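Bear in mind that the values here come from a model prediction, so they are computed numbers and not experimental data. Every chain is numbered from 1 and lettered A, B, ... according to where its sequence line falls, protein lines coming before strand lines.
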2 protein chains.
Amino acid sequence: MAKFDVKQEVTDKFSLRGRVFKKLRDDILSGKYEEHEELKEVAIGEELGVSRTPVREAFRQLELEGLIQIIPNKGAYVTGITEKDVRDIYMIRSLLEGLCARWATEHITKEQMEEMEENVYLAKFHADKGHWEQLAELDNRFHDIMYEACNSKMLEHQLKDFHQYVLRVRKKTLNNAKRGSKSNEEHEKIMEAIRDGNAELAEKLANEHISNAYANMVQNGLYEAYQK
Amino acid sequence: MAKFDVKQEVTDKFSLRGRVFKKLRDDILSGKYEEHEELKEVAIGEELGVSRTPVREAFRQLELEGLIQIIPNKGAYVTGITEKDVRDIYMIRSLLEGLCARWATEHITKEQMEEMEENVYLAKFHADKGHWEQLAELDNRFHDIMYEACNSKMLEHQLKDFHQYVLRVRKKTLNNAKRGSKSNEEHEKIMEAIRDGNAELAEKLANEHISNAYANMVQNGLYEAYQK
DNA sequence: ATCTGCATAATTGTATACAATTATGCAATA
DNA sequence: TATTGCATAATTGTATACAATTATGCAGAT
């Protein structure tokens, strides 16, 4: 049974297809390719020093993630993310993170609870010092802990799917003293609600946490990173 | 621009990979394969009369949909859906369908509104007559109309992903006079709320609609279709 | 000048060959 | 009997060859 628990990250680390997949996903999300730009199998393959086979397999995954669209016998085209898409994603995430917080309240283990408290404590330190790299890292980890604690592989899968879309933007938005501290304060309140077993409150706070993150992003015009 | 609007359904219809993908997805969802059963590339290929290449590409998509797990250099294993997964899916869907109804209220076009009214009207007829096939078809279509009307490709994508998981179960649960009529009455109320521009009510009703569908399913023990 | 038709090139779709890794079976040993 | 080691088979990972489809460019017609 345990052998089925191998994580996707591990799964792809050493395969050419996995490398191609990650590279292309990063490049698309970072805006290296224009919207609707065509991706040629041979060109990508030569760039990464691999044949078309792993490239094509990576394409199928990217299509399912909604990052490219494949038209049969024609080509693979980058599907851009509009401002509206980002807004929609944050609204959907707001709901799902709320549900996640509620379920986490009901299922969190002692170990996860301790890591969460430690996370908030450490983040407070780095926020004060202005260590934005570490703060972004801890922010990501906080959410991952919650995803794991909710004890639902379906919800975890959904949220992690979204997560990739907002990773880059979030790192930028946290590079800002006010939001950095504010975000961690919100984490702390969520953590306390979970610890106290107050699922209703945890859900509400997690909802607001995502809404606030989006509002902050819009205020600073930082979603333009998606637009190029 | 228009050429990018080609639907996924069309995209895969004529490729071997698309056929393999659909076949395997159906077989997994219908329970043809046991949980944790290993899928061999050559065996699948021979069964469908194709080589390993399209089979492998289909595997990558199935993995991303969460239906199989691929362990490098070992094999592809079916990831089963537990009762808890089904429950989680319905809870998540309840939230997202609610959001969808809210957005649909704000963005539905006249044409979509008319198709929705026609759908409810027709479904009433088939529910009375006990035409379960047509009723299931109309039920699916009702939700698809709402997905399109919400005007969010991100949310639509999410909901359609879930939809496949519940399609078979839903068809069974509707094969039941009481639920069939009740479901359509709920559709009618949602439709009216959308028509009246009452987004709050539409969201609430859509939430409840999915919850009721789940409750009905549990009551009838029909999710066992997933368990095999 | 613009358009049509066709030859050619470019690109994707699939099959197959080969390499790398993992699973299996059996003999030798304790 | 149980266990180790190794040869062999089975399976996956990747590259390449070929087929099918689509794009491109140019000659000729209007």
Side-chain angles (χ1 to χ4, degrees), chain A residues 1-25 28 33-34 36-64 67-79, chain B residues 1-25 28 33-34 36-64 67-79:
Chain A
M1 200 58 176
K3 67 174 175 177
F4 295 111
D5 290 329
V6 178
K7 282 287 190 295
Q8 181 69 21
E9 303 305 316
V10 177
T11 299
D12 285 346
K13 194 180 287 180
F14 302 110
S15 71
L16 297 187
R17 173 191 57 77
R19 289 222 309 274
V20 174
F21 176 66
K22 279 194 165 44
K23 176 69 159 54
L24 286 175
R25 190 175 66 180
I28 292 172
Y33 300 110
E34 302 287 328
H36 306 306
E37 182 171 345
E38 186 171 358
L39 300 181
K40 305 275 176 62
E41 293 174 359
V42 280
I44 304 286
E46 281 173 4
E47 190 185 330
L48 300 175
V50 302
S51 75
R52 287 172 55 214
T53 308
V55 174
R56 282 178 60 82
E57 291 184 10
F59 275 16
R60 303 306 163 191
Q61 294 184 287
L62 291 167
E63 181 180 35
L64 220 58
L67 293 176
I68 68 176
Q69 176 170 22
I70 298 173
I71 300 178
N73 293 312
K74 285 203 59 185
Y77 303 88
V78 175
T79 62
Chain B
M1 200 56 177
K3 66 175 175 176
F4 295 111
D5 291 330
V6 178
K7 282 286 189 298
Q8 182 68 20
E9 303 305 316
V10 177
T11 300
D12 285 346
K13 194 179 290 181
F14 301 107
S15 71
L16 296 188
R17 173 191 57 78
R19 289 222 309 272
V20 174
F21 176 66
K22 280 194 164 44
K23 177 70 161 49
L24 286 176
R25 190 175 64 179
I28 292 172
Y33 301 111
E34 301 287 328
H36 305 308
E37 182 171 345
E38 185 171 359
L39 300 181
K40 306 274 176 61
E41 293 174 359
V42 280
I44 304 285
E46 281 173 3
E47 190 185 330
L48 300 175
V50 302
S51 75
R52 286 173 55 214
T53 307
V55 174
R56 283 179 59 82
E57 291 183 10
F59 275 16
R60 301 307 163 190
Q61 294 185 288
L62 291 167
E63 181 180 36
L64 220 60
L67 293 177
I68 68 176
Q69 176 170 22
I70 298 173
I71 300 179
N73 294 311
K74 285 202 61 184
Y77 303 89
V78 176
T79 62

Please report the closest heavy-atom contact between [X] and [Y], naming both atoms and the distance.
X	Y	answer
Val55(B)	Glu41(B)	CG1-O, 4.0 Å
Ile28(B)	Tyr33(B)	CG1-CD1, 4.0 Å
Arg52(B)	Val42(B)	CD-CG1, 3.8 Å
Ile70(B)	Glu63(B)	N-OE2, 3.3 Å
Ile71(A)	Tyr77(A)	CD1-CE1, 4.0 Å

Checklist entry - For dG13(D), does OP1 or OP2 lie under 4.0 Å from any side-chain N or O of Arg60(B)? => result yes

Next on the checklist: Does dT14(C) have OP1 or OP2 under 4.0 Å away from a side-chain N or O of Thr53(B)?
Outcome noted: no

Between [atom2] of [N] and [atom1] of [X], the distance in whole Å:
X	N	atom1	atom2	value
Ile70(B)	dT12(D)	CD1	P	10 Å
Ile44(A)	dT14(D)	CD1	P	17 Å
Lys40(B)	dA9(D)	NZ	P	17 Å
Arg19(B)	dG13(C)	CZ	P	14 Å
Glu41(B)	dT14(C)	CD	C1'	14 Å
Glu38(A)	dT12(C)	CD	C1'	10 Å
Leu48(A)	dT14(D)	CG	P	13 Å

Next on the checklist: Return whichever of Ala76(B) or Val50(A) has its heavy-atom-nearest nucleotide of DNA chain D closer to the 5' end.
Outcome noted: Ala76(B)

Checklist entry - Is there a side-chain contact (heavy atoms from CB on, under 4.5 Å) between Lys23(A) and Leu48(A) once you walk through the steps? => result CA-CA 9 Å; Lys23(A) 176 69 159 54; Leu48(A) 300 175; 4.0 Å; yes

Item to check | Side chain of Arg56(B) - closest among dT12(C), dT12(D), dT16(D) | outcome: dT12(D)

Item to check | Verdict with reasoning, Arg25(A) to Leu62(A), per side-chain contact (heavy atoms from CB on, under 4.5 Å) | outcome: CA-CA 7 Å; Arg25(A) 190 175 66 180; Leu62(A) 291 167; 4.0 Å; yes

Checklist entry - Just checking Val42(B): base, sugar-phosphate only, or nothing, at a heavy-atom cut-off of under 4.0 Å? => result nothing

Would you list the protein and nucleotides 18-22 of chain D atom pairs, both N or O, that sit under 3.5 Å from each other?
none

